[in-house]
Amino acid sequence: MTEERKIEQSEEEWESLSYELAPLYKRWFATFLDVFLLVLFSLALYGLVSYVTNNVTAYVQTAERRAALREESFLYVDDSLITVAFEGEEQVVEKAQLSEHIDRFYLDFLKEDDLFSEYQERKSRETDGQGRNLFVQDGDVYIESTDFTPQVFIDFYVQEVEEHCIGLLASQAEYNQLTRTIVTTSIVELGLCFACGDFFAFLFFPLVLKRGRRTVGMYLFKISVVSSDALNPRGKALAGRMLLQFFVLFLLSLFTFFLPVLVSLTMMHLSKRKQSFLDYMTGTYVVDTRKQEIYLDYDEYERKKGMRREIVSQSHFGSKLS
């Protein structure tokens, strides 16, 4: 006899099983705790994965070559951007160092006269708040005027580095390719680690705490997930919740200004049965189980109902004897 047939035969008895919907505040706190656990696990795993990656020969060679290009560009000192590397120096020294390194970037690294001429053109147009020129012409180049404090020139050089030099360095073919490799590797690692964190927080624990498919947060706040037949959700529903959560609520939200998250929260607060997007799509409900337990399947429900009847009957029989 199939399970569906059993349910039909015991319909009146089955309808007596009901649960209270979980209070929203419990769901919020449980979610915050689970997301914190997800982030903590993901970042710890990312640190471990990054440590391993940083010792892979191909990655080490890529990172070392990019570091060498940075030094050759004169925009970096000990892998620190010159605007940061010289920040602690006296203003006169900082100004001179910035000016020298920018000149060498254009003349010795890029070796393009047109770009250096554009840099000189920007110098010729730079003025203070009163319209006075910061630089005066000296042959084919512009040099600093003596009428201003070092900080005025430092501000100009920092702006030059941030708005022009960094972009020109990034546009160099070899440097661009090396940077893309390093950045792509980090993004892939981070994505995989967060996927593992999502699996750990929202699939691993519900598989371990399978009665009610509870996460750690749900376990602590005594709330559970049930299917539409008031039984423990099956594995497919659990996997569906986790996949929808990762690909829709997490990944898609990154590209849609968290619209799926807002839709899900709106559904959870305003829908009649307080179903979030995940609940609605998988046919599940989040319920309060402080005083009740979730039945794993219909057979367990029948068995435990039968045991309670037997205990009640024995109790009545004993009272009659007394």
For this session: Report yes or no: do Ser124 and Gln137 form a side-chain donor-acceptor pair below 3.5 Å?
Result: no
Exercise. So does Asp147 pair up with Arg132, basic N to acidic O under 4.0 Å?
Worked result: no
Seminar exercise, completed: Output for pair (Phe204 CZ, Leu209 CG), nearest 0.5 Å, gives 9.0 Å
For this session: Please examine the side chains of Arg66 and Thr179, heavy atoms only from C-beta on, and report whether any two atoms are closer than 4.5 Å.
Result: yes
Exercise. Do NZ/NE/NH1/NH2 and the carboxylate oxygens of Arg122 and Glu126 come within less than 4.0 Å?
Worked result: no
Exercise. So, Thr284 versus Arg241: side-chain donor-acceptor pair below 3.5 Å or not?
Worked result: yes
For this session: Say whether Tyr59 and Glu64, considering side chains only, have a donor N or O and an acceptor N or O under 3.5 Å apart.
Result: no
Exercise. What residues, two or more places apart in sequence or in another chain, satisfy salt bridge (Lys or Arg N to Asp or Glu O under 4.0 Å) together with Asp155?
Worked result: none
Exercise. Would Glu293 and Lys304 pass as an ion pair if we require N to O under 4.0 Å?
Worked result: yes
For this session: Flag the pair Leu265 / Trp28 as yes when at least one side-chain heavy-atom distance between them is below 4.5 Å, and no otherwise.
Result: yes
Exercise. Under the criterion salt bridge (Lys or Arg N to Asp or Glu O under 4.0 Å), which of Lys222, Lys26, Lys274 is the partner of Asp288?
Worked result: Lys26
For this session: Check step by step if ring pair (Phe, Tyr, Trp, His ring centres under 6.0 Å) holds for Phe200 and Phe41.
Result: CA-CA 8 Å; Phe200 178 72; Phe41 178 84; 4.2 Å; yes
Exercise. Rounded to the nearest 0.5 Å, what separation is found between the CG atom of Asp198 and the CG atom of Leu203?
Worked result: 8.5 Å
For this session: Can you sort out the partners of Gln275 under side chain to side chain contact (heavy atoms under 4.5 Å, CB included), two or more places apart, ordered by chain and number?
Result: Ser271, Arg273, Asp279, Tyr280, Tyr285
Exercise. Side-chain heavy atoms under 4.5 angstrom apart, residues restricted to Ile, Leu, Val, Met, Phe, Trp, Tyr: same cluster for Leu231 and Val286?
Worked result: no
Exercise. Is the Tyr157-His101 ring centre distance short of 6.0 angstrom?
Worked result: no
Exercise. When you look at Tyr298 and Tyr301, which way does the ring pair (Phe, Tyr, Trp, His ring centres under 6.0 Å) test go after all the steps?
Worked result: CA-CA 5 Å; Tyr298 187 76; Tyr301 170 76; 5.7 Å; yes
Exercise. How about Gln151 and Phe156: do any of their side-chain heavy atoms sit closer than 4.5 Å?
Worked result: no
For this session: Output all residues satisfying salt bridge (Lys or Arg N to Asp or Glu O under 4.0 Å) with Glu174, sequence neighbours left out; order by chain, then residue number.
Result: Arg65
Exercise. What is the distance from atom OG of Ser276 to atom CG of Leu249, rounded to the nearest 0.5 Å?
Worked result: 7.5 Å
Seminar exercise, completed: Students should find that the hydrophobic cluster of Ile187, defined by side-chain heavy atoms under 4.5 Å apart, otherwise consists of Val183
Seminar exercise, completed: In this structure, CD of Glu89 is separated from CD1 of Ile154 (nearest 0.5 Å) by 10.5 Å
Exercise. What's the shortest heavy-atom distance between Cys165 and Tyr106, and which atoms?
Worked result: SG-OH, 3.8 Å
Exercise. Does the ring centre of Phe153 sit less than 6.0 Å away from the ring centre of Phe135?
Worked result: yes
Show me the side-chain donor-acceptor pairs of residues 75-83 shorter than 3.5 Å, one per line, residues at least two apart or across chains.
residue : atom : partner : partner atom : Å
Asp79   : OD1  : Arg70   : NH1          : 3.1

For this session: Would you please say whether a donor-acceptor pair under 3.5 Å links the side chains of Asn133 and Thr127?
Result: no
Problem set entry | Presence of salt bridge, Arg211 and Glu300, under 4.0 angstrom | yes
Exercise. Which other residues end up in the same hydrophobic cluster as Phe36, if Ile, Leu, Val, Met, Phe, Trp and Tyr are linked when side-chain heavy atoms come under 4.5 Å apart?
Worked result: Leu40
